[in-house]
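Before any comments, here is the structure.
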Amino acid sequence: MNAAVRPSFGIMTAQMHVDYADILRVWEEADTVAEIEHAWLFDHFLPIAGDPAGPILEGWTLLSALAARTQRLRLGVLVTSNRFRPPAVLAKIATTVDIVSGGRLDFGIGAGSRPGHPVARREYEQLGLPFHDAGVAVDSLAEALTVIRRSWTESEPFDFHGRHHRLEGAFAEPKPVQRPHPPILMGGRSDAVLRLVAEHADLWNIPSGDAEDVRARGAVLERHCAEIGRDPATIARSINVEVSYDAPEHTRAQIRAALDAGIGHIVLILPAPYPAGVANWVARELIAPSVRGS
């Protein structure tokens, strides 16, 4: 393990094909397990795996409910699609969750699914939402990040006249508990998104790929940081790891590879159904051995 990295472990419970009671059980247990520091949902309105007609819960309203039922975990949506909600509305939603949680929100956001993804296209079509090409999505995300940050921090009404978003007299009260605002986690791997990560993010999550992939994309991020004069060490690197209940040694190997590559923020994706005592199992079978390097 890279000695310079202090590992931070969390879990993700993708809220499809599961009941609220199942997710609540896992989160309440995880809230008592010190080795698990953060917990995440995802941002989809239709299942992206399994039965496409199966049940799925909306991420931000569920997150607020879970924030009210936990005390310690940092929490967030990994990651919010900027395509789903107007940025000033999203800023208000996120502020509400930060207040409900007592200042535990990590604000995850990304450009949204790529246009060529068939499941994503079906999702947007069923919701009646526009599904523009990637260039438009990234440009819109850049404007959204500015609107969201200003909504969280400005004490006077402001106007914003962008290509994709226009606001007149925008103002938001109350402000988030965390000042100047909740940490921003951005997900994505394209060059254009990594430029925005360099400009705006406190954490960078690559949604899929191995540790070597993160290292390669990290070199692109470092180049963008150099161009704007930012120290890349101020952006924590995050990776998602699929958990195998039947082959924990495989999961441990992925965790160790990430830690050895200097990736300190590990999100363990828990497949449903969730076994009884799964949070304690994660701490005992995955986190503790990985930190020891065994």
Side-chain angles (χ1 to χ4, degrees), residues 5-15 18 20-43 57-82 84-85 87 89-110 145 148-149 151-153 172-187 197 200-205 207 234-241 263-270 274 278-280 282-283 287:
V5 175
R6 191 195 77 81
S8 172
F9 292 91
I11 58 171
M12 174 190 271
T13 53
Q15 65 275 10
V18 291
Y20 169 59
D22 294 326
I23 296 175
L24 178 61
R25 168 176 62 85
V26 174
W27 281 53
E28 287 186 327
E29 181 191 353
D31 201 39
T32 69
V33 179
E35 294 86 349
I36 299 175
E37 298 182 36
H38 39 96
W40 303 86
L41 303 172
F42 74 175
D43 196 28
L57 298 171
E58 194 279 325
W60 277 97
T61 46
L62 177 59
L63 187 67
S64 192
L66 295 168
R69 298 292 296 268
T70 54
Q71 300 295 322
R72 180 189 59 84
L73 290 168
R74 296 201 62 83
L75 42 83
V77 175
L78 192 66
V79 290
T80 310
S81 170
N82 184 56
F84 286 155
R85 305 166 189 84
V89 174
L90 179 58
K92 175 64 75 172
I93 293 169
T95 295
T96 300
V97 173
D98 198 49
I99 291 170
V100 170
S101 69
R104 292 183 285 127
L105 176 69
D106 286 336
F107 178 72
I109 191 167
L145 286 162
I148 290 166
R149 190 188 298 272
S151 296
W152 284 340
T153 60
E173 282 290 343
K175 303 301 184 190
V177 173
Q178 299 178 87
R179 299 298 175 90
H181 53 73
I184 296 173
L185 179 149
M186 292 187 63
V197 172
H200 295 279
D202 301 292
L203 302 96
W204 166 51
N205 176 269
T234 62
I235 304 173
R237 299 187 184 189
S238 173
I239 194 171
N240 302 339
V241 175
I263 305 164
H265 188 272
I266 311 294
V267 180
L268 300 170
I269 301 178
L270 303 182
Y274 311 119
V278 65
N280 279 285
V282 163
I287 298 176

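Residue numbers count from 1 along this sequence.
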Item checked: Worked check of side chain to side chain contact (heavy atoms under 4.5 Å, CB included) between Ile148 and Ile109 -> CA-CA 11 Å; Ile148 290 166; Ile109 191 167; 4.0 Å; yes

Item checked: Verdict with supporting geometry, Val33 and Val282, side chain to side chain contact (heavy atoms under 4.5 Å, CB included) -> CA-CA 10 Å; Val33 179; Val282 163; over 6 Å; no

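- Interatomic distance, CZ of Arg179 versus OG1 of Thr153, reported as 10.0 Å (0.5 Å rounding).
- The two residues Phe42 and Gln15 have their closest heavy-atom pair at O-NE2, 2.7 Å.
- What you find for Glu173 and Lys92 is that their closest heavy atoms are O-NZ, 2.6 Å.
- For the pair Ile36/Phe9, no side-chain contact is recorded, criterion being any heavy-atom separation below 4.5 Å from C-beta on.
- The distance from atom CG of Leu24 to atom CZ of Arg69, rounded to the nearest 0.5 Å, is 4.5 Å.
- The CG atom of Asp22 lies 10.0 Å from the OG1 atom of Thr13; values are rounded to the nearest 0.5 Å.
- Closest approach of Leu41 to Ile23, counting heavy atoms only: CD2-CG2, 4.5 Å.
- In summary, the aromatic rings of Phe84 and Trp60 are positioned with their centroids too far apart to meet the 6.0 Å limit.
- Residues Val278 and Ile11 have side chains not in contact (no heavy-atom distance under 4.5 Å, counting atoms from C-beta outward).
- Contact between Pro174 and Ile99 at its shortest, heavy atoms only, is CG-CD1, 3.4 Å.
- Heavy-atom minimum distance, Met12 versus Val267: CB-CG1, 3.9 Å.
- No side-chain donor-acceptor contact under 3.5 Å links Arg85 and Thr80.
- Put simply, the residue from Val79, Asp202, Leu145, Asn205 that forms a side-chain contact (heavy atoms from CB on, under 4.5 Å) with Met186 is Leu145.
- To the nearest 0.5 Å, the span separating CZ on Arg104 from NE2 on His38 amounts to 13.5 Å.
- Taking CD1 from Ile184 and CD1 from Ile235, the interatomic distance works out to 11.0 Å, rounded to the nearest 0.5 Å.
- Distance alone, capped at 3.5 Å, places no donor-acceptor pair between the Asp31 side chain and the Thr70 backbone.
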Next item on the list: Using the side chain to side chain contact (heavy atoms under 4.5 Å, CB included) rule, take Leu63 and Trp27 through it: C-alpha gap first, then chi angles, then the decisive distance, then the call.
Entry: CA-CA 11 Å; Leu63 187 67; Trp27 281 53; 3.9 Å; yes

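- Within the 4.5 Å cutoff, the side chain of Leu66 has heavy atoms near those of the Tyr20 side chain.
- Using a 4.5 Å cut-off on side-chain heavy atoms (C-beta onward), Leu75 and Val97 make contact.
- The shortest distance between side-chain heavy atoms of Leu78 and Asn240 falls below 4.5 Å.
- The closest donor-acceptor contact from the side chain of Trp152 to the backbone of Ala91 lies under 3.5 Å.
- Separating the CG atom in Leu185 from the CG atom in Leu105 is a distance of 10.5 Å, to the nearest 0.5 Å.
- No side-chain heavy atom of Ser8 sits less than 4.5 Å from a side-chain heavy atom of Arg74.
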Item checked: side chain to side chain donor-acceptor pair (under 3.5 Å) assessment of Asn280 paired with Glu29 -> CA-CA 8 Å; Asn280 279 285; Glu29 181 191 353; 2.8 Å; yes

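- Minimum interatomic distance between Gly103 and Gln178 (heavy atoms only, all atoms of both residues): O-CD, 3.2 Å.
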Margin query: What verdict does the side chain to side chain contact (heavy atoms under 4.5 Å, CB included) test give for Asp98 and Phe107, after you've listed the backbone C-alpha separation in whole Å, the side-chain angles of each residue and the deciding distance to 0.1 Å?
Written below: CA-CA 9 Å; Asp98 198 49; Phe107 178 72; over 6 Å; no

